[in-house]
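See structure below.
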Amino acid sequence: MAPDGPTPEELPHVLRDIQLEYTKEIGGLQVLYEDQWIDVPPVPGALVVNIGDMLQLITNDKFKSVEHRVLANTEGPRVSVASFFTTGTLTSLFLRILQCVFAAGSIASMVTAPNFFSITAFCYLIASMGLQIVWSFALAVLDGTALVKRKALHNSVLVSLFVIGDWVTALLSLAAASSSAGIAILYFNDLGNCGFGEECQKYQLSVALAFLGWVAISISSLIMLWLFVAG
């Protein structure tokens, strides 16, 4: 390790979700360009960020994945820190918190409407959002514990369980949000049966938050599936 360089623990957590190299003045990094390995000149004191396939996927190719390698040398040590979008990172924790917030907001908006219990789809929505809160909160606690212990969880058995749980929860959330949205449109738009403006707005807000929660958990499920297949 370079004597005056940062340790992995000193690097910002947000940067530890991708691969970093503290170059100092030591070369050896190469990138593949047009089927040829090109040397990357070191910049003293710079952090070199290597974008991986996962970041390219979730940014819709805004950031490009770069195939790279490092040649062994005798000039001195170098620091390289690699991490991934998986359980035990800030990205995963942020997504889990979003899922809990959207699901809790959806339930809160729905239960404050006095007549929601008379519609089966709305009751199903509450049950589905409750399941999402339990699942996402449990994984958020797991993420927080892993972050405190500075340990990312890449166990294949755990990842497979996360894949199954995320996809089941995502499908249930989508089904609940879609059925509730259909009832809301039928009742309040097509039939014009929305005599209570404030109550109708609560139903609509609940459905909207449910869809946002589904988007958040869908991102987690796609990431978990990608990691499971890649692993």
Side-chain angles (χ1 to χ4, degrees), residues 54-55 57-60 62 85-144 153 158-229:
M54 182 61 66
L55 192 56
L57 174 68
I58 65 177
T59 60
N60 196 27
K62 182 177 182 179
F85 293 95
T86 181
T87 304
T89 65
L90 279 180
T91 303
S92 178
L93 179 60
F94 177 72
L95 284 173
R96 300 302 178 187
I97 292 175
L98 276 183
Q99 293 157 22
C100 290
V101 170
F102 288 142
S106 178
I107 293 176
S109 180
M110 183 64 73
V111 298
T112 54
N115 298 317
F116 78 91
F117 53 85
S118 62
I119 302 177
T120 304
F122 292 165
C123 296
Y124 174 50
L125 178 68
I126 292 178
S128 177
M129 292 297 102
L131 176 62
Q132 181 171 319
I133 289 176
V134 172
W135 172 254
S136 298
F137 180 76
L139 291 187
V141 172
L142 186 62
D143 288 332
L153 304 177
L158 286 178
V159 173
S160 64
L161 292 176
F162 299 153
V163 169
I164 295 173
D166 278 342
W167 277 89
V168 169
T169 310
L171 289 175
L172 290 175
S173 299
L174 177 61
S178 299
S179 60
S180 297
I183 292 297
I185 293 173
L186 175 65
Y187 250 147
F188 309 142
N189 292 347
D190 297 342
L191 299 181
N193 194 28
C194 189
F196 304 97
E198 184 179 352
E199 183 176 345
C200 296
Q201 290 177 1
K202 290 180 179 180
Y203 292 149
Q204 294 168 351
L205 177 60
S206 177
V207 171
L209 290 173
F211 274 114
L212 289 175
W214 169 74
V215 170
I217 200 168
S218 295
I219 295 174
S220 293
S221 63
L222 290 173
I223 292 174
M224 288 294 106
L225 180 61
W226 178 278
L227 291 173
F228 177 74
V229 173

Do any N or O atoms from the side chain of Gln99 and from the backbone of Ala216 form a donor-acceptor pair under 3.5 angstrom?
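Such a contact is found between Gln99 side chain and Ala216 backbone.
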
Is the backbone of Ser109 close enough, under 3.5 Å, to the side chain of Thr112 for a donor and an acceptor to pair up by distance?
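Side chain of Thr112 to backbone of Ser109, a donor-acceptor pair under 3.5 Å: yes, one is there.
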
Separation of [Y] [atom2] from [X] [atom1] (nearest 0.5 Å):
X: Ser136; Y: Leu95; atom1: OG; atom2: CG; answer: 9.5 Å
X: Leu209; Y: Phe102; atom1: CG; atom2: CZ; answer: 7.0 Å
X: Met224; Y: Ile164; atom1: CE; atom2: CD1; answer: 13.0 Å
X: Phe94; Y: Ser220; atom1: CZ; atom2: OG; answer: 11.0 Å
X: Leu93; Y: Leu142; atom1: CG; atom2: CG; answer: 10.5 Å
X: Cys100; Y: Leu139; atom1: SG; atom2: CG; answer: 9.0 Å

Residue list, side-chain contact (heavy atoms from CB on, under 4.5 Å) with [X], at least two apart or on another chain:
X: Ala210; answer: Ser106, Leu125, Met129, Ala177
X: Ser128; answer: Leu172, Ser173, Ala176
X: Ile183; answer: Ile119, Ala121, Phe122, Tyr187

Do [X] and [Y] have side chains that approach each other closer than 4.5 Å (heavy atoms only, starting at C-beta)?
X: Phe211; Y: Ser178; result: yes
X: Ile217; Y: Leu98; result: no
X: Trp135; Y: Asp166; result: yes

If only side-chain N and O atoms count, and only distance matters, is there a donor-acceptor pair under 3.5 Å linking Asp143 with Ser92?
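Indeed, the side chains of Ser92 and Asp143 share at least one donor-acceptor pair under 3.5 Å.
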
For the residue pair Tyr124 and Ser179, what are the closest heavy atoms and their distance?
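It is CD2-OG, 4.0 Å.
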
If you look at every heavy atom in Leu225 and Val163, which pair is closest and at what distance?
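Residues Leu225 and Val163, closest heavy atoms: N-CG2, 3.8 Å.
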
Heavy-atom count check: over 12 atoms from other residues, nucleotides or ligands less than 6.0 Å from Phe137 CZ?
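Not buried by this count: 12 neighbours or fewer within 6.0 Å.
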
Test side chain to side chain contact (heavy atoms under 4.5 Å, CB included) on Trp214 and Thr169 and set out the steps.
CA-CA 9 Å; Trp214 169 74; Thr169 310; over 6 Å; no

